[in-house]
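Worksheet: the structure to be examined is printed underneath.
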Amino acid sequence: MKPALLPWALLLLATAPGPGPGPTADAQESCSMRCGALDGPCSCHPTCSGLGTCCLDFRDFCLEILPYSGSMMGGKDFVVRHFKMSSPTDASVICRFKDSIQTLGHVDSSGQVHCVSPLLYESGRIPFTVSLDNGHSFPRAGTWLAVHPNKVSMMEKSELVNETRWQYYGTANTSGNLSLTWHVKSLPTQTITIELWGYEETGMPYSQEWTAKWSYLYPLATHIPNSGSFTFTPKPAPPSYQRWRVGALRIIDSKNYAGQKDVQALWTNDHALAWHLSDDFREDPVAWARTQCQAWEELEDQLPNFLEELPDCPCTLTQARADSGRFFTDYGCDMEQGSVCTYHPGAVHCVRSVQASLRYGSGQQCCYTADGTQLLTADSSGGSTPDRGHDWGAPPFRTPPRVPSMSHWLYDVLSFYYCCLWAPDCPRYMQRRPSNDCRNYRPPRLASAFGDPHFVTFDGTNFTFNGRGEYVLLEAALTDLRVQARAQPGTMSNGTETRGTGLTAVAVQEGNSDVVEVRLANRTGGLEVLLNQEVLSFTEQSWMDLKGMFLSVAAGDRVSIMLASGAGLEVSVQGPFLSVSVLLPEKFLTHTHGLLGTLNNDPTDDFTLRSGRVLPPGTSPQELFLFGANWTVHNASSLLTYDSWFLVHNFLYQPKHDPTFEPLFPSETTLNPSLAQEAAKLCGDDHFCNFDVAATGSLSTGTATRVAHQLHQRRMQSLQPVVSCGWLAPPPNGQKEGNRYLAGSTIYFHCDNGYSLAGAETSTCQADGTWSSPTPKCQPGRSYAVLLGIIFGGLAVVAAVALVYVLLRRRKGNTHVWGAQP
């Protein structure tokens, strides 16, 4: 139990005014410097809006902003909502981020307060406060969402026209003009200045002195019209700027001085600065790049080996897409976005490890071909490459190699340009960024709850528990992982409650991470996501970096939660209820309890009570109902939110398991003949579907349950273990055919001309994970083809000699006859 969870629930119990919302008009308490507080005669906690217990000045001090997100590069203007200054001209606005980074804000002509986001070296939710008295006090508070530069919409940044050309400028056949464009309305000013900024990381790697820094370098243009486009012919930068190889362009209002920090701006993508490199690069880019590639190799040899810390890649594309707790789509190679895999030719889809490695902040990447085969660097320059710096960064961010995007650029991408793109020396790069070949990959274990609700445990036990209340789906002491759910009755077509229930809310926390809750929205029937009891908006961003987890929302009806341990949750809407799937890595074996069972490969102990007593297999539905009730959530450790009086009265004040609710048991289900016939046609042998049709009288509910059950079964199939024999090398002075190394796959070997094969011509991956034959050798000597050519050539010579001999003999005989004539 986390002490931080206790106060808000207990204070709500202690201070909630009687049977309904109490008036707050006479409350004298203020939310000044109290945002998030529950104590006092009025509340400044996010739940107060639904309960009607907010202080009267709640919106003045606990700020809502629009937009709420922008690039971590900064320069985004946002406005404070629900608050206006009565005398705008007298205000001096200072916005302070993370208690240390200050930017100048302003008040517009309508009295609305504006802030500008600063240049940050991290992504995620950034707390900020606002001062209206020139920095003497900061009583108002809010949260800004800083996002990875690649997650920012094109409306919010400047675009390098033909970005590849910018990054190849100066190499063979790449010269002339370069252009960039932007949306004029995104930077409302008459004239602009375009600047180059460079990024570097200096100091001893992996030491306290290792620091990251963006620096203003020089202007490309000053005081030019804000026309939305700019074209120029690049010239080599002065020598003092040549050490910067990665950077970005920034467009600002010309009224700001050169290099002024934290002003409204538009940034381009960070990119390789080929276009500003020296004449040495332009005169012989290959030789220049080879020198840099060699220097990178020498640095890599001095740095610690980060590969040992990385998770193993899934063996197949289906595994990679199903293992959503540990891997997520790499937006640089996404089959749902047309498989534009610039850096991985031959691949159709790549995934990245969600979490960076603990010690080095590194990341795994896994790429796959169209047939689902893993693409390895040992076979192709398009193979997946691990990263010394995780592209998404890693907490605590801000220091190398944990800066989102930029550390990855310096240690993994720029070196790829040196060795592979600007010089033909890619094997040198691949040698230090080898793909993981999946031999040690173990799929996660899956459990699900859906429908009325029905449970499939981690060890495969199926049962139904339709209690009304709040229950523990999962507890795992290994990482202090807790998953809780709320179940409520459904509604019949005539408006009466059913005797079946379904999940309406799911909440999760691991260790001291944030608390995320996903619930059914009352008005829309879609999903509502809460972070630490506050409703989140996804109108701008579908991905959020949170404390101890990442959060992704797809199409508004599916939420993925990826935890630091590698565990994952997927919550979706299926019919009138939620469906939840939980994925756990194998390290959770023997560490789980709750309604989703005891993960230990033994389904006979899945019905384990809190006391440790185990109900045997074959336990009656009535006894299973008591098993479910035993796993009731306690108020003191509840993760769920109570932000309406309905929830307070029905789940906070009342027993967590409603003893008065009479569930429907399978033996009590009856259907009228016509509905029974339709249900049989719809559900077939799916007993979950049949039960839900009987419990609700609704075929659509049965359909939703059947779909959810099928999704679980398909995912189980996708996560089946696959045997890999590991990469098999081609013979020296020879080749191999085939790049699939899973059980049943066969590799074929051939030798170059002038060499003969010594060993088996093929090798097959066997079920025990070993190859049927080792890689053969190609020995110097005449190959079979050459030997056959000599043999047949010799035979041809012999045949020719014999033919000549026969012809000569015949000719000699003819001469004798002719000489005897008169």
Check your understanding: Of all residues at least two apart in sequence or in a different chain, which pass the side chain to side chain donor-acceptor pair (under 3.5 Å) check with Ser579?
Key -> none

Check your understanding: With sequence neighbours left out, what residues match Phe577 under ring-ring contact (aromatic ring centres under 6.0 Å, His included)?
Key -> none

Exercise for review: Sequence neighbours left out, what passes ring-ring contact (aromatic ring centres under 6.0 Å, His included) with Phe550? Give chain and number order.
Suggested key: Trp543

Review point. Does anything in residues 145-156 pair up under salt bridge (charged side-chain N to carboxylate O under 4.0 Å, His left out), and if so which pairs, sequence neighbours excluded?
Key: Lys76-Glu156

Exercise for review: Check whether the ring centres of Tyr68 and Phe538 lie less than 6.0 Å apart, and answer yes or no.
Suggested key: no

Review point. With respect to the side-chain SG atoms, do Cys44 and Cys62 come within less than 2.5 Å?
Key: no

Check your understanding: What residues form a side chain to side chain donor-acceptor pair (under 3.5 Å) with Thr701, not counting sequence neighbours?
Key -> Ser698

Exercise for review: Output all residues satisfying side chain to side chain donor-acceptor pair (under 3.5 Å) with Ser560, sequence neighbours left out; order by chain, then residue number.
Suggested key: Glu570

Exercise for review: Provide the full list of ring pair (Phe, Tyr, Trp, His ring centres under 6.0 Å) pairs with a residue in residues 484-506, sequence neighbours left out, each pair given once.
Suggested key: none

Study note, to complete from the structure: Taken in chain and number order and not counting sequence neighbours, the residues that satisfy side chain to side chain donor-acceptor pair (under 3.5 Å) with Asn466 are none

Review point. Does His106 have any ring-ring contact (aromatic ring centres under 6.0 Å, His included) partners at least two apart in sequence or in another chain, and if so, which?
Key: His114

Check your understanding: Tell me, which pairs form a salt bridge (charged side-chain N to carboxylate O under 4.0 Å, His left out) where one or both residues lie in residues 41-59, sequence neighbours left out?
Key -> Arg59-Glu64

Review point. Should the SG of Cys54 and the SG of Cys42 be checked, would they turn out to be under 2.5 Å apart?
Key: no

Point to revise | side chain to side chain contact (heavy atoms under 4.5 Å, CB included) partners for Ala394, two or more places apart | key: Ala356, Arg402

Sequence neighbours excluded and cut-off under 3.5 Å, please list the side-chain donor-acceptor pairs for residues 132-142, or say none.
{"unit_1": "Asp133", "atom_1": "OD1", "unit_2": "Ser131", "atom_2": "OG", "d": "2.6"}
{"unit_1": "Asp133", "atom_1": "OD1", "unit_2": "His136", "atom_2": "N", "d": "3.1"}
{"unit_1": "Asp133", "atom_1": "OD1", "unit_2": "Ser137", "atom_2": "N", "d": "3.1"}
{"unit_1": "Asp133", "atom_1": "OD2", "unit_2": "Ser137", "atom_2": "N", "d": "3.4"}
{"unit_1": "Asp133", "atom_1": "OD2", "unit_2": "Ser137", "atom_2": "OG", "d": "2.7"}
{"unit_1": "Asn134", "atom_1": "OD1", "unit_2": "Ser92", "atom_2": "OG", "d": "3.1"}
{"unit_1": "Arg140", "atom_1": "NE", "unit_2": "Asp60", "atom_2": "O", "d": "2.9"}

